[in-house]
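Everything below concerns the one structure shown next.
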Amino acid sequence: MRWSKYFLQTVREVPGDAEAISHVLLTRAGMMRRIAAGIYALTPMGLRSHRKTERIVREEMNRSGALELELPILQPRELWDESGRWARYSSDHILFHLRDRKEGEYCLAPTAEEAVTSLVRAGVTSYRQLPVTLYQIRTKFRDEIRPRFGLMRGREFLMYDGYSFDADAAGLDASYGAQDGAYRRIFERCGLDFTVVEADPGAIGGSDSQEFMVLAETGEDAVVRCAACGYGANVERAETGRRPAPWDGETPGALEDVETPGRGGIDEVVEFLGITASRMIKCLVYETESGPVVAILRGDLDVNEVALKNALGVQHLTLASEEKVESTTGSPVGYVGPHHLSGRNVRVLADGSVRGAVNAVTGAGRRDWHVRGLSIDRDAGVRDFLSFAMARSGDPCPRCGKPLSIARGIEVGHIFKLGTKYSTAMRCEFTDEKGETRPVVMGTYGIGVGRTMAAAVEQHHDDDGIVWPLALAPFEIEIVSLNPADEAARRSADGLYGALVKEGQDVFYDDRDERPGVKFKDADLLGFPIRVNVGGRALKDGKVELVTRSDRSIRAVPLAEAVEAVRALRHELAGPIEVPA
RNA sequence: CGGGGCGUAGCGCAGCGGUAGCGUAUCUGCUUUGGGAGCAGAUGGUCGCCGGUUCGAUCCCGGCCGCCCCGACCA
């Protein structure tokens, strides 16, 4: 493809609304353009990388045995009412919905569990027809609270979504495992440095789930990892081993009141009493759809609200207002303690961080007073401990006890063991060997195509632009004609371009009437892995320059050998995991 | 949902009660030709929308829409 006949405009200035480097570079390279908040156009150049990403997903899914199909994007409310997700997604304002001329309600699908389940329920009646994994790669819609980072969190985006149907849990394990393997191959082929972590299943529902995280500073998620044993989890889901506590080994002292005038906050009490925050026990009052709860944890820790929601089995969790705190606990905000809550009509949950606590400081249950010497067992009578404190860097690994580290990651893929949540709700059942009717056991899987492409840019760029992995580059090779005004030089460039095209190479040809500097800048910005400079001083010796974008190495080769040299370099960059077309 | 900010040329921005400017991009000419060239000239704007104040509004006021950022309470 010749640039002179292409539709491509690079821009020098950084777009004002771009925050993430991938957004900046993809926009500057002319590969995408914003149409509205979270809604983007892909230019021909941008579409090429997007399609290559999509193609890798499709190839690996087909190889794994999954079958591609197409489900509707426009879906009727009735379908969503069957699973109960219409109400839930509507209340979260995630769903784009609309009405037809007959006032029927529809949504633009953010995912397709209901549609695929209704399809399978109509077709599958026997265990003999299982297992089966179906997938599609189609546009999805989510009315995100805050779309941002360009392709990373859009409201309209291309997503792979796969669904497995099995007769039992062992079958699900196998289907899930096949997806896991396909995911690993996909992200490897995309040239990404990724990690797989345990995750919270969230609104989709289900039991086990794992996220595929591309490590990058712009990542929206925090992931906890243990370098020693390989444990990894989204921070929302992460557990920790037992943290050393200041009261370890101490003998319980007497409970005594201590006046703390005007000091309701942890930091204020810590300073006033000259203690550490870890010696304190704090009580947070939350409101949920099933009533108020008090969460008890150590003073230096934060609540992991996702973990707390799961522990409580609730969907909504917000900190209570001051009035609600008082009416629930009988104590003003800042002075709630775990020992004066018995008899109150409120659920009390304690985090493991306060297990065995003695000589702790906490609220006395009345304004301007705290207590010292609190023993959690003796004074508060707490017996059951859950785990809902947010993991911190340096906390002990839940498996091996070595220190955890926290990094940022971009969630490019997610796999869930769904179980029978949808198949039960929607009566997607089959008859087993014994003639009994059972719900199918489902798994659900997703990969953000545009997000994966953007993640590749996050991981592969430098000050001058994108450094595409070969597999995702819009074109693998670019020929730069240095002085097209010179007839002989132009013919050489044309000739090389023609020869590469003839042998099927993926080549872009900058034949514009521009100065070399402009072309070099654009070449770096667009990030084609291989560049061939034709013209100028090298051509005077009958040579062209072969430039590798990733390491900026330059090698002069005779024009006559250029095709072979490009082929060899391309082979070298492709590495061992290339899959034939 | 709350707070803050911004909507002026394709892009980045300035401006101001008297009908609009800079950089860049684009077009033309000349010069130039290995890392976003120089000079000269030119094109390009319902100043987000609606209403109000005013002799006069891009500017002031009100409303709406759009967009960006931060936050969503850790007692």
Side-chain angles (χ1 to χ4, degrees), chain A residues 9-20 23-24 27-28 30 33-39 91-93 145-150 155 260 262-270 277 280-287 294-305 308 316-326 328-329 331-338 351 353 362-363 365 367 370 388-390 392 463-465 480-486 489 510 512-526 531 533-540 544-545 547 552 554 556:
Chain A
Q9 304 83 35
T10 57
V11 293
R12 227 178 266 215
E13 314 218 36
V14 178
D17 59 352
E19 192 85 351
H23 189 186
V24 170
T27 302
R28 285 196 52 215
R33 192 179 173 96
R34 196 182 68 84
I35 298 292
I39 300 174
S91 70
D92 288 346
H93 305 286
I145 298 170
R146 235 184 100 185
R148 59 179 147 181
F149 298 150
R155 296 194 293 170
T260 50
R263 289 162 178 86
I266 292 276
D267 293 344
E268 297 162 328
V269 176
V270 161
M280 294 197 62
I281 290 177
K282 67 180 172 190
C283 300
L284 302 173
V285 182
Y286 284 93
E287 294 192 68
V294 178
I296 301 170
L297 77 168
R298 218 168 69 185
D300 59 325
L301 300 172
D302 291 329
V303 168
N304 177 346
E305 294 191 354
L308 185 57
H316 299 285
L317 188 72
T318 49
L319 278 170
S321 63
E322 292 194 17
E323 299 74 41
K324 191 74 183 171
V325 170
E326 291 214 34
T328 302
T329 67
S331 162
V333 170
Y335 303 94
V336 181
D351 179 69
S353 57
T362 190
R367 188 171 301 282
H370 280 72
F388 56 80
M390 187 76 81
R392 302 171 304 183
D463 291 345
D464 293 315
V480 172
S481 173
L482 294 179
N483 34 12
D486 179 295
D510 189 351
R512 293 174 302 166
D513 182 19
E514 287 286 354
R515 298 161 61 87
V518 172
K519 296 187 173 186
F520 292 154
K521 287 289 185 190
D522 279 337
D524 286 346
L525 179 59
L526 282 154
R531 185 173 101 210
N533 294 334
V534 181
R537 56 197 180 217
L539 194 62
K540 288 192 175 67
V544 297
E545 289 162 340
V547 184
R552 296 188 173 283
I554 302 177

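Chain A is the first sequence line, chain B the second, and so forth, proteins listed ahead of strands; every chain is numbered from 1. Note that the coordinates shown come from a computational prediction; the quantities given were computed from them, not determined experimentally.
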When you compare [N] with [M], how far apart are their [atom1] atoms, in angstrom units rounded to a whole number?
N: B/U31; M: B/G36; atom1: P; result: 22 Å
N: B/G35; M: B/G71; atom1: P; result: 44 Å
N: B/G21; M: B/U54; atom1: P; result: 29 Å
N: B/G23; M: B/C64; atom1: C1'; result: 33 Å
N: B/C61; M: B/C73; atom1: C1'; result: 35 Å
N: B/C16; M: B/G7; atom1: P; result: 13 Å
N: B/C30; M: B/U8; atom1: P; result: 37 Å
N: B/U58; M: B/G17; atom1: P; result: 14 Å

Please classify the nucleic acid contact of [X] as base, sugar-phosphate, or nothing, using heavy-atom distances under 4.0 Å.
X: A/A485; value: nothing
X: A/E322; value: nothing
X: A/R531; value: base
X: A/R33; value: sugar-phosphate
X: A/G363; value: nothing
X: A/N533; value: base
X: A/L525; value: base
X: A/G536; value: base
X: A/A18; value: nothing
X: A/V14; value: sugar-phosphate

What nucleotide, of [options], holds the atom closest to the side chain of [X]?
X: A/Y286; options: B/C74, B/A72, B/A75; answer: B/C74
X: A/V325; options: B/G36, B/C67, B/A75; answer: B/A75
X: A/R515; options: B/G35, B/A37, B/G34; answer: B/A37
X: A/L319; options: B/G35, B/C73, B/G36; answer: B/C73
X: A/R12; options: B/A75, B/G34, B/A25; answer: B/A25
X: A/R34; options: B/C68, B/G34, B/C69; answer: B/C68

Nearest heavy-atom approach of A/L482 to A/P516 is O-CG, 3.7 Å
Looking at A/D351 and A/F388, what are the two nearest heavy atoms and their distance?
OD1-N, 2.7 Å
Separation of [X] atom [atom1] from [N] atom [atom2], in whole Å?
X: A/K521; N: B/G34; atom1: NZ; atom2: P; result: 15 Å
X: A/K519; N: B/U33; atom1: NZ; atom2: P; result: 16 Å
X: A/I296; N: B/C74; atom1: CD1; atom2: C1'; result: 15 Å
X: A/M390; N: B/C74; atom1: CE; atom2: P; result: 13 Å
X: A/N483; N: B/U33; atom1: CG; atom2: P; result: 11 Å
X: A/E545; N: B/G35; atom1: CD; atom2: P; result: 12 Å
X: A/E13; N: B/G23; atom1: CD; atom2: P; result: 12 Å
X: A/D302; N: B/A72; atom1: CG; atom2: P; result: 11 Å

Donor-acceptor pair, A/Y335 side chain versus A/T362 backbone, under 3.5 Å?
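No, A/Y335 side chain to A/T362 backbone: no donor-acceptor pair under 3.5 Å.
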Can a donor-acceptor pair be found, under 3.5 Å and without considering hydrogens, that links the side chain of A/N483 to the backbone of A/D486?
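Absent.
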For B/U26, does the O4'-C1'-N9-C4 or O4'-C1'-N1-C2 angle fall within 90° of 0, making it syn, or is it anti?
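Glycosidic conformation of B/U26: anti.
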Can A/R512 and A/D522 be said to form a salt bridge (charged side-chain N to carboxylate O under 4.0 Å, His left out), step by step?
CA-CA 12 Å; A/R512 293 174 302 166; A/D522 279 337; 3.1 Å; yes
Tell me which nucleotide, if any, is Watson-Crick or G-U wobble paired with [N] when both distances must be under 3.5 Å.
N: B/G66; value: B/C6
N: B/U33; value: none
N: B/U53; value: none
N: B/A42; value: B/U26
N: B/A20; value: none

If you take atom types as modelled and just measure distance, does the side chain of A/E305 reach the base of B/C74 with a donor-acceptor pair under 3.5 Å?
yes
With a 4.5 Å heavy-atom cut-off, do [X] and [Y] have their side chains touching?
X: A/D464; Y: A/L525; result: no
X: A/K282; Y: A/R298; result: no
X: A/V547; Y: A/N533; result: yes

Relative to the 5' end of RNA chain B, which residue comes earlier, A/G264 or A/I554, by the nucleotide with the nearest heavy atom?
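The residue whose closest nucleotide sits nearer the 5' end is A/I554.
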